[in-house]
Amino acid sequence: MPLASHPLDDATADALLSLAGASWERDDLDASWVAAGLPATPVAWQVHEEMDYRLDAGDRAFVVGMGFDPDRVTAFAVAFAVFLEDTVGEEDFFDHFGPQWAIDADAGRDAFDALFRAGVERVAARLGEPVATGTHDEAWHHAVWRAGDCLLVVAQGEDFDSYGVADDLKLWLVRHPQDAPVPAGDDLYAFLCGDATPV
């Protein structure tokens with residue numbers, strides 16, 4: 001089955017770690033974005049005025065999670081693999097990825113899981129062993145680290161761009177109080193897909 005991959009790299013992991021320690025308030029967002037080493041773009045205007053939550057970051061797209069009333073940024077997420085286990089939708093699968101993505105038309109779930117493990121290793125090289133690991137929705141894996149008042153999470157889950165036809169693998173950065181327990185299992189995924197759900 002098709003697997004598209006653009007493996008997690010040091011620059012992306014470092015950018016999210018920089019954002020973990022930065023302000024996400026509207027007036028600070030553009031400066032925080034540039035300080036994280038990401039290409040200058042009017043992030044606050046795009047998110048708060050245009051309500052466009054997919055940000056161009058060079059060869060990757062960062063998806064912004066929002067909370068509303070009041071509007072506030074709650075998360076950033078970067079996909080680095082997408083796996084289609086069923087042949088439904090396979091004809092259109094290859095149309096959504098730029099040249100930096102590698103496509104393996106005959107990959108199995110083991111290859112998707114190997115990319116998860118590689119992503120975990122890349123984050124662990126910076127933050128040590130995760131504070132939580134596990135599965136959710138039976139087949140999906142996750143690993144969680146604390147980063148200040150955020151959680152950094154490598155997680156498999158639903159690919160929102162394909163309306164759930166495919167699975168994806170993302171690195172998430174989500175606001176979470178330092179003294180709050182880390183959600184586990186399906187509760188973790190529900191947390192990621194709550195206020196942090198990409199639109």
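None of these values were measured; they are calculated from a predicted model.
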Item to check | Passing option when W140 is tested against D167, D113, D168 for side-chain contact (heavy atoms from CB on, under 4.5 Å) | outcome: D167
Item to check | Shortest non-hydrogen contact between G58 and P39, atoms and distance | outcome: N-CG, 3.7 Å
Checklist entry - Does W33 reach the main-chain N or O of A40 with its side chain, forming a donor-acceptor pair under 3.5 Å? => result no
Checklist entry - Below 4.5 Å, heavy atoms only, C-beta onward: do R146 and L151 meet side chain to side chain? => result yes
Checklist entry - From S5 OG over to F97 CZ, what is the distance, rounded to the nearest 0.5 angstrom? => result 9.5 Å
Checklist outcome for this item: Residue pairs meeting side-chain hydrogen bond (donor to acceptor under 3.5 Å, both in side chains), one or both in residues 114-125, sequence neighbours left out, come to D10-R122
Item to check | Steps toward side chain to side chain contact (heavy atoms under 4.5 Å, CB included) verdict (Y189, V153) | outcome: CA-CA 10 Å; Y189 192 63; V153 183; over 6 Å; no
Checklist outcome for this item: CD of E158 to NZ of K170, rounded to nearest 0.5 Å, is 8.5 Å
Checklist entry - Closest heavy-atom contact between A132 and V182? => result CB-CG1, 4.2 Å
Next on the checklist: Go through it in stages, so that I can follow the logic: the residues are L16 and L152, the test is side chain to side chain contact (heavy atoms under 4.5 Å, CB included), and I'd like the CA-CA distance, side-chain angles, deciding distance and then a yes or no.
Outcome noted: CA-CA 8 Å; L16 282 169; L152 195 64; 4.2 Å; yes
Item to check | Backbone N/O of R54 and side chain of Q46: donor-acceptor pair under 3.5 Å | outcome: yes
Checklist entry - Can you tell me if W24 uses its side chain to pair, donor with acceptor, with the backbone of L19 under 3.5 Å? => result yes
Next on the checklist: For S23, is there any backbone N or O sitting under 3.5 Å from a side-chain donor or acceptor partner on S32?
Outcome noted: yes
Item to check | Nearest non-hydrogen partners of R60 and A79, listed with the distance | outcome: NH1-O, 3.9 Å
Checklist entry - Is V43 reachable from F68 through a run of I, L, V, M, F, W or Y residues, each pair having side-chain heavy atoms under 4.5 Å apart? => result yes
Checklist entry - Okay, side chain of H6, backbone of P99: is any donor-acceptor separation there less than 3.5 Å? => result no
Checklist entry - Which atom pair, heavy atoms only, marks the closest approach of F80 to L115? => result CE1-O, 3.7 Å
Checklist outcome for this item: On a heavy-atom basis, the closest approach of A4 and I103 is CB-CD1, 3.5 Å
Checklist entry - At their closest point, which heavy atom of L173 faces which heavy atom of A20, and how far apart are they? => result CD2-N, 3.5 Å
Checklist entry - Is atom CD of E50 surrounded by more than 12 heavy atoms (other residues, nucleotides or ligands) closer than 6.0 Å? => result yes
Next on the checklist: For a side chain to side chain contact (heavy atoms under 4.5 Å, CB included) check, start with the C-alpha distance between L8 and V123, then their side-chain angles and the critical distance, and finish with the verdict.
Outcome noted: CA-CA 9 Å; L8 187 61; V123 177; 4.1 Å; yes
Next on the checklist: Do F191 and V131 land in one hydrophobic cluster if side-chain heavy atoms of ILVMFWY residues count as linked below 4.5 Å?
Outcome noted: yes
Item to check | Residues D71, R26: salt bridge by 4.0 Å N-O rule | outcome: no
Next on the checklist: In the structure I gave you, are the side-chain heavy atoms of P130 and V154 within less than 4.5 Å of one another anywhere?
Outcome noted: no
Item to check | Backbone N/O of P181 and side chain of H176: donor-acceptor pair under 3.5 Å | outcome: yes
Next on the checklist: Working to the nearest 0.5 angstrom, can you tell me the gap between H141 NE2 and H136 NE2?
Outcome noted: 9.0 Å
Item to check | F83 backbone acceptor or donor facing R109 side chain under 3.5 Å | outcome: no
Checklist entry - Angle class for the F62/F76 ring planes (parallel below 30°, perpendicular above 60°, tilted otherwise)? => result perpendicular
Item to check | Cluster link L171 to L127, ILVMFWY, side chain under 4.5 Å | outcome: yes
